[in-house]
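Quick note: numbers below take in every heavy atom, side chains included, and nothing from hydrogens, waters or symmetry partners. Since the structure is predicted, the reported quantities are computational estimates derived from the model, not experimental observations.
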Amino acid sequence: MLTAFGGETKGAIFPLASPRQRAWLTNALFDLNLLGGVVRDSVNRFWTDDYPEIKIGFNSGDRAVAQLHSRMQISFMLPWEVTLGTNTHTSYDAGISRVVASLLPSGFLNRKRIQGDMLSMITDGFANHSRVQQ
């Protein structure tokens with residue numbers, strides 16, 4: 001629906017919907033409360049894997065230079081535990097997730113979640129939101 005609304009598709013938005021239903025759905029895209037709920041639901045979504053974990057190490061020869069580690073279920077798997085040499089700190093930088101996702105092969109189990117493709121999560125959530133379904 002969002003791609004059609006943005007003019008990126010040539011097909012009609014919900015071709016089986018009545019003009020009144022179509023008008024309501026189109027107006028719903030401007031309802032900030034509804035969109036805010038969709039975004040909150042999408043960002044706070046929990047996933048089906050009970051114990052997600054990813055740990056990536058970067059080495060120079062036989063010496064470990066850096067490690068990235070996360071066990072979180074939310075989008076982008078934030079926060080990340082970042083170890084540089086002997087120093088460890090926590091980071092909420094979503095850029096780390098995007099870099100990690102780019103290192104993973106296409107089709108990797110959690111790649112889409114780690115990448116945090118927010119637009120696709122929001123568009124998926126919008127169509128399934130209870131107010132839109134009603």
Check side-chain contact (heavy atoms from CB on, under 4.5 Å) between Ser60 and all other residues, then give those that pass, not counting sequence neighbours.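 Partners of Ser60 under the side-chain contact (heavy atoms from CB on, under 4.5 Å) test: Arg63, Val65.
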Separation between CD1 (Ile56) and CG (Leu104), nearest 0.5 Å, reads 5.5 Å
Show me the pairs that pass salt bridge (charged side-chain N to carboxylate O under 4.0 Å, His left out) and involve residues 100-109, at least two apart or across chains.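 Counting only pairs at least two positions apart or across chains, no salt bridge (charged side-chain N to carboxylate O under 4.0 Å, His left out) contact touches residues 100-109.
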Would you list the pairs meeting salt bridge (charged side-chain N to carboxylate O under 4.0 Å, His left out) in which at least one residue belongs to residues 65-74, sequence neighbours left out? Glu53-Arg71
Closest heavy-atom pair and its distance - [X], [Y]:
X	Y	answer
Phe58	Leu68	CE1-CD1, 3.9 Å
Ala64	Asn59	CA-OD1, 3.2 Å
Gln67	Gly57	CG-CA, 4.1 Å

Indicate every side-chain donor-acceptor pair of residues 83-92 with a distance under 3.5 Å to a residue at least two apart or in another chain.
{"from": "Thr83", "atom 1": "OG1", "to": "Thr88", "atom 2": "OG1", "distance (Å)": "3.1"}
{"from": "Ser91", "atom 1": "OG", "to": "Asp93", "atom 2": "N", "distance (Å)": "3.1"}

Taking Ser70 for its side chain and Ile54 for its backbone only, find out whether a donor-acceptor pair lies under 3.5 Å. no
Would you say Trp80 and Val99 are hydrophobically clustered, going by side-chain heavy atoms of ILVMFWY under 4.5 Å?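 No, because Trp80 and Val99 fall into different hydrophobic clusters, even though each may have its own neighbours under 4.5 Å.
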Asp31 side chain reached by Trp24 side chain, heavy atoms, under 4.5 Å: no
